[in-house]
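Take a look at the structure set out below.
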Amino acid sequence: MHKNATTKSYIVGFLLSIVLTLAAYFLVANHLLADKILLTSILGLAVVQLMIQLLFFLHLGKEKKPRWNLMILISFVGIILIIVVGSIIITSHLNYNMMPKDMGQYMLQEEGMQK
Amino acid sequence: MKATKDLPNEKTDNHKAAADERTIFGFWVYLMTDLLMFAGLFAAYAVLHNNTFGGPTTHELFNLPFALAETLILLTSSFTCGLGMLAAHKNKKNHVLAWFAVTFLLGLAFLGLELSEFSKLVSEGNTWQRNAFLSSFFTLVATHGLHITVGLLWMSICMGAVWFRGLTPGITRKLTLLSMFWHFLDIVWIFIFTVVYLMGVM
């Protein structure tokens with residue numbers, strides 16, 4: 001993965017990473033955007049920085065075909081998204097559905113249980 | 001005559017290159033499984049970070065400039081590690097030792113900052129036993145710190161090997177794997193910085 005690397009690619013990757021880190025930091029420190037847009041933009045900046053480091057530090061773009069490293073990365077990213085996003089969605093629904101008041105009503109209506 | 005003599009050599013070189021590629025691919029698969037473990041810890045943190053059980057929230061605990069300093073130190077160490085790899089491919093032994101020494105010191109500085117943050121939290125009574133948020137926080141960040149510690153140990157062993165035995169193909173291959181590990185840890189830290197510190201203070 002490293003044979004074709006040049007000093008230039010490392011310098012470009014390093015500078016871009018610093019710019020993206022500082023951008024995310026100043027967005028949050030000065031609270032320049034509304035909450036939801038701010039959240040989306042700092043997560044976006046992190047993903048862009050991930051791609052830049054994969055390209056310029058790990059040289060994923062210069063891999064020979066077939067691109068096994070890239071393919072296995074993509075499949076793992078899929079699994080990771082299922083784990084992380086799935087956990088967040090399930091738990092927020094769980095917290096909602098496990099509220100005692102709702103639960104009592106739910107059991108009366110859906111399950112036909114009587115007190 | 002010369003051409004036929006070169007042929008077997010070329011063949012073994014190709015074999016070696018293919019073996020190197022297989023090793024690198026195997027290590028890449030290991031890194032991906034490691035990423036999967038971090039994903040589990042991130043999921044736990046995302047689910048639990050509001051469960052403070054009356055303790056301080058993320059907003060009160062985290063110091064953003066401190067986390068930024070940690071981030072920039074680790075990012076710079078990832079960069080110097082890459083420069084060390086370039087020197088290794090150019091067979092410049094002293095440059096390799098110098099760049100990896102810089103990387104090692106930056107990694108050590110990062111680890112020191114992280115441990116001082118942990119000791120400050122613990123001395124204020126905010127240990128991992130206090131609530132679910134702090135348990136998941138310490139598990140996630142300390143697992144990364146443990147990886148950094150292992151990376152530093154590995155780096156010192158590799159530097160010793162370069163110092164005493166020079167840049168043999170085997171050692172260059174080990175340095176390649178080490179540098180992949182180090183870049184990987186920097187990538188994981190980007191997400192810790194974003195998800196734990198930036199989103200915590202937001």
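Quick note on labels: first sequence line is chain A, next is B, and so on, each numbered from 1.
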*Please look at A/L27 and chain B and tell me whether the side chain, the backbone, both or neither of the residue comes under 4.5 angstrom of a heavy atom of that chain.*
neither

*Examine whether an atom of B/F191 lies under 4.5 Å from a heavy atom of chain A, and if so say whether it belongs to the side chain, the backbone or both; otherwise answer neither.*
side chain

*Top contributor to chain A interface from B/D186, B/L83, B/T71, B/V29 [non-hydrogen pairs under 4.5 Å]*: B/D186

*Compare all side-chain heavy atoms of A/L43 with those of B/M199 and state whether any distance is below 4.5 angstrom.*
yes

_Between B/F193 and chain A, with a heavy-atom cut-off of 4.5 Å, which part of the residue counts as in contact: side chain, backbone, both or neither?_
side chain

*How long is the gap from CH2 on B/W28 to CG on A/L60, to the nearest 0.5 Å?*
5.0 Å

Distance-only check: which donor-acceptor pairs under 3.5 Å involve side-chain atoms of residues 90-99 of chain B, not counting sequence neighbours?
{"unit_1": "B/K93", "atom_1": "NZ", "unit_2": "B/W163", "atom_2": "O", "d": "3.0"}

_If I compare all heavy atoms of B/E21 with all of A/K64, which pair ends up nearest, and what's the gap?_
OE2-NZ, 3.1 Å

*asked:* With rounding to the nearest 0.5 angstrom, report the CH2 to CZ distance, A/W68 to B/R22.
replied: 14.0 Å

*If you count heavy-atom pairs under 4.5 Å between each of A/L20, A/L73, A/I18, A/I79 and chain B, which one has the most?*
A/L73

_From A/I42, A/V47, A/L39, A/L50, residue fulfilling side chain to side chain contact (heavy atoms under 4.5 Å, CB included) relative to B/T194_ = A/I42

*What is the minimum heavy-atom distance between B/H183 and A/Q53, and which atoms define it?*
O-OE1, 4.3 Å

*Between CE on residue B/M180 and CG on residue A/L58, distance to nearest 0.5 Å*: 6.5 Å

*Inter-residue atom distance B/S78.OG - A/F56.CZ, 0.5 Å rounding*: 13.5 Å

*Would you mind telling me which of B/T76, B/L31, B/V195, B/V201 has the largest number of heavy-atom pairs within less than 4.5 Å of chain A?*
B/T76

For a quick test of your reading: what N or O donor-acceptor pairs under 3.5 Å do the side chains of residues 34-42 of chain B make, sequence neighbours left out?
{"unit_1": "B/D34", "atom_1": "OD1", "unit_2": "B/H147", "atom_2": "NE2", "d": "3.2"}
{"unit_1": "B/D34", "atom_1": "OD2", "unit_2": "B/Y30", "atom_2": "OH", "d": "3.0"}
{"unit_1": "B/D34", "atom_1": "OD2", "unit_2": "B/H147", "atom_2": "NE2", "d": "2.7"}

*Supply the atom-to-atom distance A/N69 CG to B/I24 CD1, rounded to the nearest 0.5 angstrom.*
8.5 Å

_Which portion of A/T91 sits near chain B, non-hydrogen atoms under 4.5 angstrom_ = side chain

*Which region of B/L68, side chain (C-beta onward) or backbone (N, CA, C, O), has a non-hydrogen atom less than 4.5 Å from a non-hydrogen atom of chain A, or is it both or neither?*
side chain

_side-chain contact (heavy atoms from CB on, under 4.5 Å) between B/I187 and A/F57, worked out_ = CA-CA 10 Å; B/I187 288 174; A/F57 287 176; over 6 Å; no

*Roughly how far, to the nearest 0.5 Å, is the CG atom of B/L64 from the OH atom of A/Y25?*
5.0 Å

